[in-house]
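Structure record follows, encoded as structure tokens.
The figures that follow rest on heavy atoms only: side chains count, while hydrogens, waters and symmetry mates do not.
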Amino acid sequence: MPKQARPSTGEQARQHALAQLRQAILRGEMAPAQRLVENELAEQFGVTRASVRAALIELESEGLVERIRNRGSRVRVVTVEEAVAITECRMALEGLCAAKAAVAVTDEQLTRLVAVGEAMSKAVADGEPVTYSDLNHELHALIRQFSGQQTAVELLERLNGQLVRHRFQLALRPGRPQKSLGEHLAMIEAIRARDPQAAEAAVRAHLSGVIDALRE
């Protein structure tokens with residue numbers, strides 16, 4: 001991440017540091033347990049230590065950073081059991097979003113979902129797990145967006161941020177994309193049929209499979 005020009009105000013500096021740090025963690029550029037040294041980050045982002053410290057406190061509240069007494073901050077390590085618990089919460093919220101999307105979705109939005117499903121099928125056929133992982137993320141994001149349930153969307157964004165490492169590892173596990181493809185296509189088909197109960201059930205079945213995979 002290149003050094004950026006110093007923002008003009010304290011609040012701008014905090015927001016700048018917050019955005020850069022959050023993005024680096026969510027993209028996996030900063031590994032779990034990696035130490036986050038305020039002086040280094042302040043120099044890297046072109047802001048004050050106070051701005052970095054405020055950003056780290058915000059990221060701690062989001063579950064992305066943990067502050068250890070007398071040792072500073074590090075990228076939070078999410079255990080498998082924590083990942084399972086988070087995914088159980090995702091089940092309820094993403095199931096709700098899918099049900100809402102099945103009722104509210106427009107024909108244009110359906111076309112987008114179907115196109116993503118076709119691209120996922122192609123990625124599996126071509127043996128491209130990273131592309132499949134990106135499309136998987138896009139599909140879930142679109143369903144959340146089309147649901148119009150903003151409170152659930154905001155909660156899920158916080159939860160999903162804590163699962164980046166586990167989700168990426170699952171995507172690269174041999175045979176995992178092939179197994180989850182049918183689950184994702186079932187989600188799309190249920191929304192396409194405008195069947196909220198089936199859409200919610202399809203999401204719950206998919207995330208139940210994710211939990212099984214996490215525990216393997």
Side-chain angles (χ1 to χ4, degrees), residues 15 18-20 22-29 62 64 86-173 175-211 213:
Q15 290 289 347
L18 179 61
Q20 293 290 315
R22 184 189 287 121
Q23 184 179 67
I25 294 170
L26 294 181
R27 287 183 175 178
E29 295 168 7
E62 295 180 14
L64 298 179
I86 291 168
T87 305
E88 288 174 341
C89 293
R90 284 181 62 204
M91 252 192 207
L93 292 168
E94 293 210 31
L96 171 64
C97 287
K100 293 277 190 179
V103 174
V105 71
T106 66
D107 290 344
E108 182 179 356
Q109 290 170 338
L110 277 174
T111 299
R112 288 184 67 187
L113 290 178
V114 170
V116 172
E118 291 172 348
M120 292 176 81
S121 297
K122 184 176 186 303
V124 168
D126 293 345
E128 297 178 352
V130 175
T131 299
Y132 180 84
S133 178
D134 290 342
L135 290 165
N136 176 4
H137 179 78
E138 181 182 354
L139 175 63
H140 283 271
L142 285 174
I143 292 172
R144 293 195 299 270
Q145 177 188 334
F146 297 162
S147 75
Q149 227 296 357
Q150 191 57 36
T151 299
V153 169
E154 291 171 3
L155 290 168
L156 282 164
E157 285 176 354
R158 290 202 170 206
L159 291 172
N160 287 330
Q162 299 173 50
L163 294 176
V164 171
R165 179 174 66 93
H166 290 285
R167 292 174 75 177
F168 188 70
Q169 289 176 338
L170 281 185
L172 296 181
R173 184 180 297 177
R176 178 62 196 164
Q178 290 86 340
K179 187 174 188 303
S180 70
L181 175 61
E183 298 166 358
H184 286 112
L185 295 180
M187 290 159 50
I188 294 170
E189 189 54 39
I191 294 172
R192 191 178 187 179
R194 303 185 186 278
D195 185 334
Q197 288 78 24
E200 180 173 1
V203 167
R204 285 179 169 272
H206 164 58
L207 291 176
S208 178
V210 170
I211 288 172

Looking only at non-hydrogen atoms, find the nearest pair between [X] and [Y] and report the distance.
{"X": "Thr87", "Y": "Leu207", "answer": "CG2-O, 3.9 Å"}
{"X": "Ile143", "Y": "Ala101", "answer": "O-CB, 3.9 Å"}
{"X": "Ala199", "Y": "Ala99", "answer": "CB-N, 4.3 Å"}
{"X": "Cys89", "Y": "Leu159", "answer": "CB-CD1, 4.0 Å"}
{"X": "Ala123", "Y": "Leu135", "answer": "CB-CD1, 4.3 Å"}
{"X": "Ser147", "Y": "Cys97", "answer": "CB-O, 3.2 Å"}

Residues Arg192, Val114; criterion side chain to side chain contact (heavy atoms under 4.5 Å, CB included); working and verdict: CA-CA 8 Å; Arg192 191 178 187 179; Val114 170; 4.1 Å; yes
Approximate separation, where rounding is to 0.5 Å, of [X] [atom1] and [Y] [atom2]:
{"X": "Leu96", "Y": "Arg204", "atom1": "CG", "atom2": "CZ", "result": "9.5 Å"}
{"X": "Arg176", "Y": "Leu181", "atom1": "CZ", "atom2": "CG", "result": "11.0 Å"}
{"X": "Leu163", "Y": "Ile86", "atom1": "CG", "atom2": "CD1", "result": "4.5 Å"}
{"X": "His184", "Y": "His140", "atom1": "NE2", "atom2": "NE2", "result": "3.5 Å"}
{"X": "Leu110", "Y": "Phe146", "atom1": "CG", "atom2": "CZ", "result": "8.5 Å"}
{"X": "Lys122", "Y": "Glu118", "atom1": "NZ", "atom2": "CD", "result": "12.0 Å"}

State, with a plain yes or no, whether a side-chain heavy atom of [X] is found less than 4.5 Å away from one of [Y].
{"X": "His206", "Y": "Glu94", "result": "no"}
{"X": "Leu142", "Y": "Glu138", "result": "yes"}
{"X": "Arg144", "Y": "Asn160", "result": "yes"}
{"X": "Val124", "Y": "Met120", "result": "no"}
{"X": "Val203", "Y": "Met91", "result": "no"}

Please check if the side chain of [X] supplies one atom and the backbone of [Y] the other of a donor-acceptor pair under 3.5 Å.
{"X": "Gln149", "Y": "Ala152", "result": "yes"}
{"X": "Arg194", "Y": "Val105", "result": "yes"}
{"X": "Arg173", "Y": "Ala213", "result": "yes"}
{"X": "Ser180", "Y": "Glu183", "result": "no"}

Stepwise side chain to side chain contact (heavy atoms under 4.5 Å, CB included) check, Leu156 with Arg90: CA-CA 7 Å; Leu156 282 164; Arg90 284 181 62 204; 3.9 Å; yes
Residue pair Arg112, Val116: steps toward the side chain to side chain contact (heavy atoms under 4.5 Å, CB included) verdict: CA-CA 6 Å; Arg112 288 184 67 187; Val116 172; 5.6 Å; no
Other residues, nucleotides, ligands: >12 heavy atoms within 6.0 Å of Gln150 CD: yes
